[in-house]
Asker: 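Quick one: structure below, then a few questions.
Predicted, not measured: the structure shown is a model, and the values here were computed from it. Quick note on labels: first sequence line is chain A, next is B, and so on, each numbered from 1. As a basis for the values below, the full set of heavy atoms in this structure was taken, side chains included, without hydrogen atoms, waters or symmetry mates.
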2 protein chains.
Amino acid sequence: MAQAITKERRKRDSSATRAELIAIATDEFAEKGLAGARVEEIAARTATSKHMIYYHFGSKDGLYRAVLEQAYDEFRVAEGSFDYDDLTALDALSALVGATFDVHARCPQIVRIIMAENINCGQQIRSIDSFQQRELALDTLRRILDRGAADGTLRSGLDPLQIHLTVSALCFHYIANVHTFGHVFEFDAHSAEHMKARRKEVVATVISRCAATAGEEKR
Amino acid sequence: MAQAITKERRKRDSSATRAELIAIATDEFAEKGLAGARVEEIAARTATSKHMIYYHFGSKDGLYRAVLEQAYDEFRVAEGSFDYDDLTALDALSALVGATFDVHARCPQIVRIIMAENINCGQQIRSIDSFQQRELALDTLRRILDRGAADGTLRSGLDPLQIHLTVSALCFHYIANVHTFGHVFEFDAHSAEHMKARRKEVVATVISRCAATAGEEKR
DNA sequence: TGTTGACCGGACAAACCGGTACGTTTAATG
DNA sequence: CATTAAACGTACCGGTTTGTCCGGTCAACA
């Protein structure tokens, strides 16, 4: 009965242990993928032991799922915390795209983990159903596009899903592929100036696609 | 002196064996990543044995590097085999973007392998220096942009690198992330119709970004 | 046709790694 | 303080996986 309190007040804190494990594991999985990461290595980098991974998460896959879940949560809160209704459709769209870019830039490990998931054909993600936030993001975008189409500032007939894919692609790709790009073109894609330039370009690209043209055609 | 001929004419053909090994390994690495793929599994799927992997490539990493190298080569020939100088800048740009999309769509394993490389921070790619083709692709793009800027059909002041990144992002992302997207939005991203729709959208996006705005357009 | 050397395959070895058994510590509670 | 259950650590097991060994085969060429 005092159970709940008991659990909460522990000094020997399970949730702290879990959090540390997840944090380190996020790094490790992002760097090496699910198969490449080593349970022992993850444990060694924490203050606790390998056994705790099995105690708290049951298996390597369990830990990975926990990492995935938290990663998506972080994305969600970062993406969803903005009110676009106060702005004009054009400004809202710019803000949305910029914010999306920033989220990706801020959480490169998450981007990496999503990559890892795709290499593994999204096996693990199927057992998690906590990402209605994507649909939510799509709704946000749809509202902006509708608003812009109505007042003539944005092109009409745009497919929200396509635009979402475009935004996602532009933001994701730069963060995801810094290494190969950096090597091929020999520039430091991480640097603040390149980051800023890329962000600007991404926003400009989406705006170009969505903004109404002078001689707007209607079918 | 008859050495070259000898090597060529073998029935017991080493290059055929190598090719088969690389082909299967490409699949396997693309599906599971470097760490996730199993040497034994690769060997089992070929007509030859595991020993040949070590005979021809020295190690698992050696095989992976060979796969990477050939993957980039395939991209290069597929990308470079077109003459854009006969077309107007606008048409050339559309063709270039479309062709880039098609290359990615046709070789999803290569896309996957580049993903895998980025997860592993491009460790292996550093030991390969055979991709000036990217710079070549950049030159092709630069020429088109310059031409378009000169005759007023394309915006002036565009950065070829940024546009290249954009094209790459749009083409790469759709192919790379079919699994997570497919799951989140519940549609079959592989299907011909979705593929076609996406291709059209990608071309339209790049054109929107690069085309001269209504005021300056001629045609 | 016999020799040579590149090519091949299956069995084997050693390391590696996920997972577990079992014992210990900590903190809340009576 | 004794009890209890959660939290934790250590040592180890057993399957898996990379890489090797050794004997055999086939094609080219003299």
Asker: Does OP1 or OP2 of D:dT18 have a side-chain N or O of B:Arg38 closer than 4.0 Å?
Answerer: yes

Asker: Which is it for B:Glu117 and B:Tyr64 under the side-chain hydrogen bond (donor to acceptor under 3.5 Å, both in side chains) test, yes or no, and what are the steps along the way?
Answerer: CA-CA 10 Å; B:Glu117 255 307 278; B:Tyr64 181 74; 3.2 Å; yes

Asker: Just the rounded figure in Å: distance from C1' of D:dT17 to CG of B:Leu34.
Answerer: 13 Å

Asker: Could you tell me the separation between the NE2 atom of A:His56 and the C1' atom of C:dG19, rounded to a whole number of Å?
Answerer: 16 Å

Asker: Check whether any side-chain N or O of A:Tyr55 sits under 4.0 Å from OP1 or OP2 of D:dC8, and answer yes or no.
Answerer: no

Asker: Give the minimum heavy-atom separation between B:Ile175 and B:Ala105, together with the two atoms involved.
Answerer: CD1-CA, 3.7 Å

Asker: Below 4.0 angstrom from OP1 or OP2 of D:dG19, is there any side-chain N or O of B:Ser59?
Answerer: no

Asker: Rounded to the Å, how far apart are B:Glu40 CD and C:dA11 P?
Answerer: 11 Å

Asker: Which nucleotide, C:dG9, D:dC12, D:dC8, lies nearest any side-chain atom of B:Thr48?
Answerer: C:dG9

Asker: Can you measure A:Glu41 atom CD to C:dG18 atom C1' for me and round it to whole angstrom units?
Answerer: 15 Å

Asker: So that I can tick it off, tell me whether B:Glu28 and B:Lys32 are bridged by a salt bridge, with the cut-off set at under 4.0 angstrom between side-chain N and carboxylate O.
Answerer: yes

Asker: Within this structure, what is the NZ-to-P distance between B:Lys50 and D:dG19, rounded to whole angstrom?
Answerer: 9 Å

Asker: Is any side-chain N or O of A:Tyr54 closer than 4.0 Å to OP1 or OP2 of C:dG19?
Answerer: yes

Asker: Could you tell me whether A:Ser49 contacts a base, only the sugar-phosphate backbone, or nothing, with contacts defined as non-hydrogen atoms closer than 4.0 Å?
Answerer: base

Asker: Figure out the CD1/C1' separation between A:Ile42 and C:dG18, and round it to whole Å.
Answerer: 11 Å

Asker: Whether B:Thr17 contacts C:dC7 is assessed here as follows: a side-chain N or O lying under 4.0 Å from the phosphate OP1 or OP2. Is that the case?
Answerer: no

Asker: Just the rounded figure in Å: distance from P of C:dG18 to CE of A:Met52.
Answerer: 17 Å

Asker: Should A:Arg143 and A:Asp146 count as an ion pair when the cut-off is N to O under 4.0 Å?
Answerer: no

Asker: When rounded to the nearest 0.5 angstrom, what is the spacing between CG in A:Leu93 and SG in A:Cys210?
Answerer: 5.0 Å

Asker: Find the distance B:Lys60:NZ to C:dA15:P and express it as a whole number of Å.
Answerer: 18 Å

Asker: Pick base, sugar-phosphate or nothing for A:Ala37, based on heavy-atom distances below 4.0 Å to the nucleic acid.
Answerer: sugar-phosphate

Asker: Would you say B:His51 places a side-chain N or O within less than 4.0 Å of OP1 or OP2 belonging to C:dA11?
Answerer: no

Asker: If you look at every strand shown and take non-hydrogen atoms under 4.0 Å, does B:Ala47 touch a base, only sugar-phosphate, or nothing?
Answerer: sugar-phosphate

